[in-house]
Protein chains: 2
Amino acid sequence: MQNSFTEENYLKIIHALSGREGLEVSTNALAESTSTRAASVTDMLRKLAEKGLIHYKKYQGVRLTEAGEKVAINVIRKHRLWEVFLVEKLGFGWDEVHDIAEELEHIPSDHLVERLDAFLGHPRFDPHGDPIPDAKGNLTEPDYLVLTDVQIGEKVRMMGVLDHAPSFLQHLDRAGITLGSVIEIREINEYDKSASVQINENHTLFISLEVSKNLLVQRR
Amino acid sequence: MQNSFTEENYLKIIHALSGREGLEVSTNALAESTSTRAASVTDMLRKLAEKGLIHYKKYQGVRLTEAGEKVAINVIRKHRLWEVFLVEKLGFGWDEVHDIAEELEHIPSDHLVERLDAFLGHPRFDPHGDPIPDAKGNLTEPDYLVLTDVQIGEKVRMMGVLDHAPSFLQHLDRAGITLGSVIEIREINEYDKSASVQINENHTLFISLEVSKNLLVQRR
DNA sequence: AATAATTTTTAGATTAATCTAAATTTTTTT
DNA sequence: AAAAAAATTTAGATTAATCTAAAAATTATT
């Protein structure tokens with residue numbers, strides 16, 4: 001049988017919270033992420049376990065089964081493809097697409113996803129730099145580093161963000177930092193750990209530690 | 001407050017069944033169209049009336065209010081725009097898009113609809129020839145005629161279909177009849193009322209009365 | 001106009017997803 | 001290892017959308 005909008009969301013969130021290592025996710029963490037109460041989460045977990053989508057033992061937290069992982073990754077694939085569509089084809093800003101993609105990701109139709117993927121030219125990354133799983137569900141997280149791990153004097157390329165909040169993305173827009181920007185760390189200010197960086201060999205500015213922690217970059 | 005997926009569907013169906021004249025729609029007709037039971041329809045009608053979306057008096061059938069009409073037309077606008085997208089951009093056949101558009105039509109976001117509309121070049125008609133309401137909700141049904149009303153010897157242009165069933169559309173594909181085709185009625189066969197028609201001054205074939213009844217055409 | 005047939009509504013349940021409050025289990029802290 | 005704190009589950013409701021069976025209203029037919 002089919003999975004509901006809500007079930008898909010739980011699976012997607014379990015995937016996100018369990019991280020690369022597939023760690024156990026707690027009931028409270030899910031309640032937080034789904035904006036529901038722990039009791040509601042417990043009910044849903046029992047249901048997902050019954051459907052064979054998660055491994056669940058009372059009080060022990062949850063992990064996705066293979067089947068659950070497959071569903072979650074397909075939802076992520078759809079989410080990211082729709083985000084590419086919204087930005088590349090409809091001209092939305094990268095700060096505007098998340099909520100709409102949250103809806104579109106649940107439209108069922110494999111046929112639709114595959115045609116959308118082809119229409120977009122089989123993109124490998126979404127507008128925030130997140131990798132798009134392929135049709136078979138292969139999702140390889142590129143091993144970018146966080147800007148805080150970059151040494152003074154190094155030049156790196158901006159490849160993604162950890163925080164997807166519109167306010168953060170808009171802040172980057174104002175700073176002239178976009179995917180592909182070249183960032184050179186000039187110095188770290190003792191006072192507030194902010195960094196002086198040069199963007200695209202071009203303009204220089206301060207970015208706060210908070211911002212640095214949320215920028216994914218690649219050595220070149 | 002927002003309208004649910006289900007509420008939007010009821011409004012859309014009431015709109016369709018009440019026709020151009022805004023006639024009263026019966027509970028049973030709605031049960032049929034929504035694939036539910038009359039009792040379920042009654043419950044929903046009470047709810048829609050409470051929200052001010054329909055005029056409803058017990059046992060008297062329903063009509064849309066101005067507000068309900070607006071919602072219905074917006075759903076129709078979204079449905080038809082998405083159909084254009086699916087056919088024009090993703091390469092789906094006109095017989096394949098209905099079910100997917102039934103889902104997409106409920107994605108909320110005015111911003112999305114307006115950008116989609118612009119991306120598609122503000123199309124006036126969907127892939128079945130149905131007119132697309134504009135952003136203000138103006139929906140002008142063009143006054144096409146049904147092929148059965150065309151005289152022998154007349155040449156007309158195919159502009160739309162009354163039946164949207166995939167099997168009918170596939171039948172037209174096999175007959176080489178598409179939107180814009182020029183159809184000339186050569187003769188009506190006494191025996192089964194089938195028509196001999198010539199398509200695009202090119203090939204000739206028989207079409208059944210059933211088919212003729214579902215073809216919308218325009219004199220030129 | 002009375003009766004029969006049809007349509008519609010009401011009454012009372014059901015399912016999915018949620019809730020609050022209370023009970024239980026696990027974890028942490030003395 | 002008790003006691004306290006935190007996390008989780010259970011019990012019992014609630015809301016939206018649906019259902020079946022029975023009652024009521026309308027329409028059609030003698």
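Numbers restart at 1 for each chain; the letters A, B, ... are given by sequence-line order, proteins then strands. Every heavy atom of this structure was used, including side-chain atoms; hydrogens, water molecules and symmetry mates were not.
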Distance check: side-chain N/O of A:K58 vs OP1/OP2 of D:dT10, anything under 4.0 Å? yes

Go through D:dT18, C:dT9, D:dT9 for me and flag the one nearest to the A:A39 side chain. D:dT9

Ranking A:Q60 and A:S4 by the position along DNA chain C of their nearest nucleotide, the one closer to 5' is A:S4

Reckon B:N28 has a side-chain N or O less than 4.0 Å from the OP1 or OP2 of C:dT6? no

Please classify the nucleic acid contact of A:T27 as base, sugar-phosphate, or nothing, using heavy-atom distances under 4.0 Å. sugar-phosphate

Does A:R37 have a side-chain nitrogen or oxygen under 4.0 Å from the phosphate oxygens OP1 or OP2 of C:dT18? no

Apply the side-chain contact (heavy atoms from CB on, under 4.5 Å) test between B:V161 and each candidate in B:L172, B:L216, B:N214; give the one that qualifies. B:L172

Need one value for B:S40: base, sugar-phosphate or nothing, where a base atom within 4.0 Å counts as base even if backbone is also close, heavy atoms only. base

Under 4.0 Å: is that the gap between some side-chain N or O of B:R46 and OP1 or OP2 of C:dT9? no

Need one value for B:Y10: base, sugar-phosphate or nothing, where a base atom within 4.0 Å counts as base even if backbone is also close, heavy atoms only. sugar-phosphate

Quick one: do A:E83 and A:K78 make a salt bridge, cutoff under 4.0 Å? no

By the 4.0 Å heavy-atom rule, please label A:Y56 as base, sugar-phosphate, or nothing. sugar-phosphate

Axial cation check for B:F85 ring with A:K89, 6.0 Å and 45° limits: no

Scanning both residues in full, the closest heavy-atom pair of A:S212 with A:T148 reads CB-CG2, 3.7 Å

Categorize A:T42 for me: base, sugar-phosphate, or nothing, with a 4.0 angstrom heavy-atom threshold over every strand shown. base

Taking the minimum atom-to-atom distance to the side chain of B:D43, which one of C:dT8, D:dT18, D:dA11 wins? D:dT18

